[in-house]
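Whatever order the structure lists them in is the order used to number ligands and atoms, beginning at 1.
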Amino acid sequence: MSNPSLLILPGDGIGPEVMAEVRKVIDWFAENRGMAFDVSEDLVGGCAYDAHGTPLTDETMAKAQEVDAVLLGAVGGPKYDSLDFSVKPERGLLRLRKEMDLYANLRPAQCFDALADFSSLKADVVGGLDIMIVRELTSGVYFGEPRGVFKEGNERVGINTQRYTESEIARVARSAFELARKRDNKVCSMEKANVMESGVLWRDVVTEVHAAEYPDVELSHMYADAGAMQLTRWPKQFDVIVTDNLFGDLLSDLAAMLTGSLGMLPSASLGAPMANGRPKALYEPVHGSAPDIAGQGKANPIACILSFAMALRYSFDKGDEATRVEKAVEKVLADGLRTADLLGQEGVAPVSTGEMGDAIVKALGEV
Ligand code: IPM
Ligand code: MG
């Protein structure tokens, strides 16, 4: 049998630096656990635009469709701000999500004990926090038509459309209920059914799927604005949150910051199963390309390394090995290692991106 295949797309800014650390983890698994991957690497985002005039070539798109999993670093940077919308770095990422039909975006927000004091909230509010946001990723206002800037009389009007079909809502709801069954068995669905028709449909469909297929799971509903408030007030009331594309974008950044740093959080974007039974999948850190610190060895590689751990769990059925990676991260944090984004305590000197990666790799053999 051939090795499972991975396509690595480091992207822009700190993407290549943090991905270099993931490579060390991948190599460690090949050498020490007999788990070899066929790894290929390609361009996405601004670097692809520089090389090919497009943020994602058709060839790269085709490769992404073929591999067992895609690992992405980050895209974007100020250099590309003035580009036309159709070729902005972000379009590369959105094309991957859309064409691979990665409708369920899993964004865990977990607070490592060693970092509880680091959150902007009190340690007892965030300590032990472990929630999972399931964000719908291929529809809603990100993709709805009509969209654009049009002329209306003598002024311009900007239009985007929130659009959801029943089946789009039902499939992401199922993802959330399935996950909840493996966790604390609770789902909170968030929309704005008080203002938006698409929110009314969202609530109806989630309720129907629940009644017909998952009555054993505890389901609640919240307006997304109230949900944001509750997330900062007492986040531990939540287990799995399921929500649409735009609310999920906002709420997952909010949830991420509860844990202290955006540099810590991984994500998995999953689609339907392929012929080999594995889901179509793309794994990426929640953070962006951080152009202000790119190339200086200051970036935190943990989010990207934990994204690879999610790949082990969701694509390769290696939950134990995923836990090993998570334990290794926990260990280096408990040992006091901090990249620059995690500083705050007096007298602690930051380690570099590479030093953090090396320490995690060393810890893999010790946990
Ligand atoms: C995210 C990002 C993306 C999004 C951008 C880079 C297109 O913010 O993954 O959360 O808005 O979905
Ligand atoms: Mg975002």
**Item:** Pair S307-E284, side-chain donor/acceptor within less than 3.5 Å
**Value:**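 No pair is found: no donor N or O on one side chain lies under 3.5 Å from an acceptor on the other.
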**Item:** T57 and T54 side chains, donor-acceptor separation under 3.5 Å
**Value:** no
Nearest-contact summary for [atom] - protein heavy atom, Å:
atom	result
atom 5 (C) of ligand 1	E90 CG, 4.3 Å
atom 1 (C) of ligand 1	R107 NH2, 3.3 Å
atom 11 (O) of ligand 1	Y142 OH, 2.5 Å
atom 2 (C) of ligand 1	D249 OD1, 4.0 Å

**Asked** Does the distance from a Lys or Arg side-chain N to an Asp or Glu carboxylate O, for K327 and E330, drop under 4.0 Å?
**Response**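 Salt bridge absent between K327 and E330.
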**Complete:** Taken by chain and residue number, the protein N/O/S atoms under 2.8 Å from the Mg ion (ligand 2) read D249 OD1
Counting neighbours of [atom1] on [X] that are heavy atoms of other residues, nucleotides or ligands and sit closer than 6.0 Å, is the number greater than 12?
X	atom1	value
D113	CG	no
R163	CZ	no
E218	CD	no

**Asked** With a 4.0 Å cut-off on heavy atoms, is R135 touching ligand 1?
**Response**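 Yes; R135 lies near enough to ligand 1 that a heavy-atom distance drops under 4.0 Å.
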**Message:** With the threshold set at under 4.0 angstrom, would you say E284 reaches ligand 1 through any of its heavy atoms?
**Reply:** no
**Prompt:** With D84, which residues qualify under salt bridge (Lys or Arg N to Asp or Glu O under 4.0 Å), at least two apart?
**Reply:** none
**Request:** Give the contacting part of R97 toward ligand 1: side chain, backbone, both or neither, where contact means a heavy-atom distance below 4.0 Å.
**Result:**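 Only the side chain of R97 comes within reach of ligand 1.
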**Asked** Pick from N160, D244, D249, N245: which one makes a side-chain hydrogen bond (donor to acceptor under 3.5 Å, both in side chains) with Y142?
**Response** D249
**Asked** For the ring pair Y314 and Y283, is the centre-to-centre distance below 6.0 Å?
**Response**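 Between Y283 and Y314, which both carry aromatic rings, the centre distance is not below 6.0 Å.
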